[in-house]
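Residue numbers begin at 1 in each chain, while the letters A, B, ... track the order of the sequences.
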Number of protein chains: 2
Amino acid sequence: MSQTVDRALSILPLLAEGPADLGQVADRLGVHKSTALRLLRTLHEHGFVYRQQDQRYRLGARLFALAQEAVENLDVREIAHPHLVELNAQCGHTVHLAVYEEEEVLYIDKVESRYPVRMYSRIGKPVAITVAAVAKLLLADLSEPERRAIAEKLDYPMYTSRSVPNAGAFLKELAVVREQGWATDLGGHEESINCIGAPIRGADGRVVAAMSVSAPNVVVTAEELLTLLPLVRRTADTISREYSGTTQPKKA
Amino acid sequence: MSQTVDRALSILPLLAEGPADLGQVADRLGVHKSTALRLLRTLHEHGFVYRQQDQRYRLGARLFALAQEAVENLDVREIAHPHLVELNAQCGHTVHLAVYEEEEVLYIDKVESRYPVRMYSRIGKPVAITVAAVAKLLLADLSEPERRAIAEKLDYPMYTSRSVPNAGAFLKELAVVREQGWATDLGGHEESINCIGAPIRGADGRVVAAMSVSAPNVVVTAEELLTLLPLVRRTADTISREYSGTTQPKKA
DNA sequence: ATGGGTGTTGCGCATGATGCAACGAACAGA
DNA sequence: TCTGTTCGTTGCATCATGCGCAACACCCAT
């Protein structure tokens with residue numbers, strides 16, 4: 001791995017937190033100012049970094065453009081979106097779509113609840129991987145050795161008393177999810193929020209994405225939420241069919 | 001500028017065109033395969049590229065996550081403020097900046113008039129949503145069903161005889177604003193105060209904020225205020241450009 | 001003037017990025 | 001099964017390149 005590139009790339013997440021001046025960047029990278037300057041200049045030439053009048057740097061438009069293309073390459077999102085909206089119209093709760101990539105689970109789409117009480121989640125943000133229903137669905141589809149490898153590597157923060165506590169419990173949960181074809185998170189992330197999810201599969205049967213419906217206790221109980229399971233699974237299946245059925249969007 | 005970083009960054013736009021294998025990347029970069037491999041590995045470690053099953057590389061979802069985070073931390077106010085001050089210096093009137101959030105329009109910045117007669121408004125305070133120019137601009141950008149939903153939910157207090165009286169009139173007004181790209185409030189909130197506003201847009205063209213200039217009749221007439229429209233729009237556009245990070249000018 | 005805070009430049013040194021060549025794995029055809 | 005091709009990967013010797021330093025330029029306060 002290349003040291004120079006490594007440093008340059010480390011600048012980007014740092015700037016995502018907010019604008020920073022040369023000194024701050026150099027400090028956080030642990031390099032000399034002149035080094036940071038050279039890196040920033042290179043990033044700047046490629047449009048990944050923008051320099052505002054006060055000379056501070058922030059992320060540039062090019063990055064946003066690339067991100068746009070990156071997400072367009074995830075064509076599940078495009079196909080799924082209208083169905084997520086429709087599901088939200090039917091049940092009123094928050095709907096999420098997530099994918100697994102590089103040992104992380106990321107939300108890539110979200111339709112907000114119609115109820116005033118909303119949950120905090122951010123598309124593009126890594127998911128609480130040990131408890132979220134979508135994470136369980138995505139990991140459950142990995143091969144047994146992969147599942148084990150990841151399960152052992154993870155931390156198991158006890159967000160609540162009902163969070164998955166350790167690798168053993170997690171693997172057991174994944175086995176259940178794998179078997180039954182759907183997943184829940186009953187207060188494992190936030191005490192008062194329940195969640196049910198279903199997998200979206202590609203033509204080869206592999207899970208390519210997962211979706212979930214979340215709602216706080218104060219709106220519906222866990223049991224009531226579970227009555228939505230058939231609807232959620234039906235929606236996921238519809239998306240799966242459309243995703244694997246239609247022509248390949250790949251160009252020659 | 002750093003050669004290594006330069007090459008690494010050049011890979012990303014290349015991958016945006018579609019997945020590519022090691023050989024293709026090396027060729028297009030004009031470097032040896034081993035070099036390309038090292039660069040790709042570094043990009044991979046940072047999650048900027050993703051390796052699919054067939055070993056080909058494509059852009060990683062991490063890019064999307066990064067951009068998402070950056071957008072959230074982007075502070076319109078910070079960027080807009082100096083421009084608002086300058087506009088105030090040029091015209092002397094009160095300048096407002098507002099955003100739409102959770103079915104409310106909030107003032108988030110204000111530069112006071114240089115004239116002794118000031119208007120009452122407070123940063124952080126909800127705006128008179130049915131009449132203020134900034135509110136019209138922000139709501140006009142919502143989707144048609146959203147606009148209608150909100151219009152129906154609102155109250156239409158008759159602050160003055162020229163206040164917008166009902167949902168129908170409001171929706172009609174929003175259509176006009178949407179079409180012409182600017183908005184006014186001529187005595188709709190307080191009898192003697194007029195106001196013109198323009199939208200500030202993000203990289204995707206969506207309206208992220210709105211700004212306005214307000215002045216009482218006793219200082220300038222409505223017609224005189226309207227002569228400031230080009231200046232206001234120009235300022236808003238400048239802020240939009242800066243906010244979305246569009247900077248070609250390779251500074252000399 | 002003076003000092004502390006920036007960002008910028010030129011330079012000599014050695015680190016670290018480079019291309020090569022050899023290797024391994026997967027595949028296809030004979 | 002063998003043989004040739006085409007991938008990705010690794011170790012290594014070479015030297016280009018990125019490195020930190022120190023000096024400089026600039027802006028603002030005092």
**Student:** Taking the side chain of B:Arg7 as heavy atoms from C-beta outward, which of C:dG19, D:dT9, D:dG18 is closest to it?
**Tutor:**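 The answer is C:dG19, which lies nearest to the side chain.
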**Student:** Apply side-chain contact (heavy atoms from CB on, under 4.5 Å) to B:Ile11 and B:Leu43, showing your working.
**Tutor:** CA-CA 9 Å; B:Ile11 291 177; B:Leu43 288 167; 4.0 Å; yes
**Student:** Rounded to whole Å, how long is the line connecting atom CD of A:Gln24 with atom C1' of C:dG5?
**Tutor:**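 Rounding to the nearest Å, CD of A:Gln24 and C1' of C:dG5 are 13 Å apart.
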**Student:** When you get a sec, tell me which of D:dT9, C:dG19, C:dG7 is the closest nucleotide to the side chain of A:Asp21?
**Tutor:**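 Nearest to the side-chain atoms of A:Asp21, counting from C-beta on, is C:dG7.
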**Student:** Could you tell me whether A:Arg233 atom CZ has more than 12 heavy atoms of other residues or ligands within 6.0 Å of it?
**Tutor:** yes
**Student:** Specify the separation, in whole Å, of atom CG of B:Leu22 and atom C1' of D:dG8.
**Tutor:** 6 Å
**Student:** Using whole Å, report how far CG of B:Leu40 lies from C1' of D:dT9.
**Tutor:**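 That distance rounds to 13 Å.
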**Student:** Looking at the side chain of A:Arg38, which of D:dC19, D:dT17, C:dG7 is the nearest nucleotide?
**Tutor:** D:dC19
**Student:** For A:Ser143 and A:Glu146, which I'm curious about, is there any donor-acceptor pair between the side chains at under 3.5 Å?
**Tutor:**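 A pair is found: one side chain offers a donor N or O, the other an acceptor, under 3.5 Å apart.
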**Student:** Rounded to whole angstroms, how far apart are CG on B:Asp54 and P on D:dT6?
**Tutor:**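 Spelled out: CG on B:Asp54 to P on D:dT6 is 19 Å.
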**Student:** Pairing donors with acceptors under 3.5 angstrom, does anything connect the side chains of B:Asp109 and B:His96?
**Tutor:**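 No, no side-chain donor-acceptor contact under 3.5 Å.
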**Student:** Is A:Thr4 near enough to D:dG18 that one of its side-chain N or O atoms lies under 4.0 angstrom from OP1 or OP2?
**Tutor:** no
**Student:** Specify the residue among A:Gly23 and A:Val5 whose closest nucleotide of DNA chain C lies further upstream toward the 5′ end.
**Tutor:** A:Gly23
**Student:** With a 3.5 Å cut-off and just heavy-atom distances, do the side chain of A:Lys33 and the base of C:dG7 make a donor-acceptor pair?
**Tutor:** yes
**Student:** Please give, in whole Å, the distance from D:dT6 P to B:Arg56 CZ?
**Tutor:**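 In whole Å, D:dT6 P lies 18 Å from B:Arg56 CZ.
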**Student:** What nucleotide, of C:dT8, C:dT18, D:dT9, holds the atom closest to the side chain of B:Leu37?
**Tutor:**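 Nearest nucleotide to the side chain: D:dT9.
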**Student:** Describe the nucleic acid contact of A:Ser34 in one word from base, sugar-phosphate, nothing, applying a heavy-atom distance below 4.0 Å.
**Tutor:**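 Contact class for A:Ser34: base.
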**Student:** Which of these passes side chain to side chain donor-acceptor pair (under 3.5 Å) with A:Tyr57: A:Arg51, A:Gln24, A:Gln52, A:His44?
**Tutor:**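 Of the listed residues A:Arg51, A:Gln24, A:Gln52, A:His44, the side chain to side chain donor-acceptor pair (under 3.5 Å) partner of A:Tyr57 is A:Arg51.
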**Student:** Rounded to the nearest angstrom, tell me the gap between atom CG in B:Asp6 and atom P in D:dT17.
**Tutor:**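 Taking CG of B:Asp6 and P of D:dT17, I get 12 Å after rounding.
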**Student:** Looking across every strand, which nucleic acid part, if any, lies under 4.0 Å from B:Arg41 by heavy atom: base, sugar-phosphate, or nothing?
**Tutor:** sugar-phosphate
**Student:** Among C:dT9, C:dG19, D:dT9, find the nucleotide with the atom closest to the side chain of B:Gln55.
**Tutor:** D:dT9
**Student:** Would you indicate which nucleotide in D:dC19, C:dG7, D:dT9 comes nearest to any side-chain atom of A:Leu39?
**Tutor:** D:dC19
**Student:** Heavy atoms from C-beta onward define the side chain here; which of C:dA17, D:dT9, C:dC20 lies closest to that of B:His32?
**Tutor:**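 The closest nucleotide is C:dC20.
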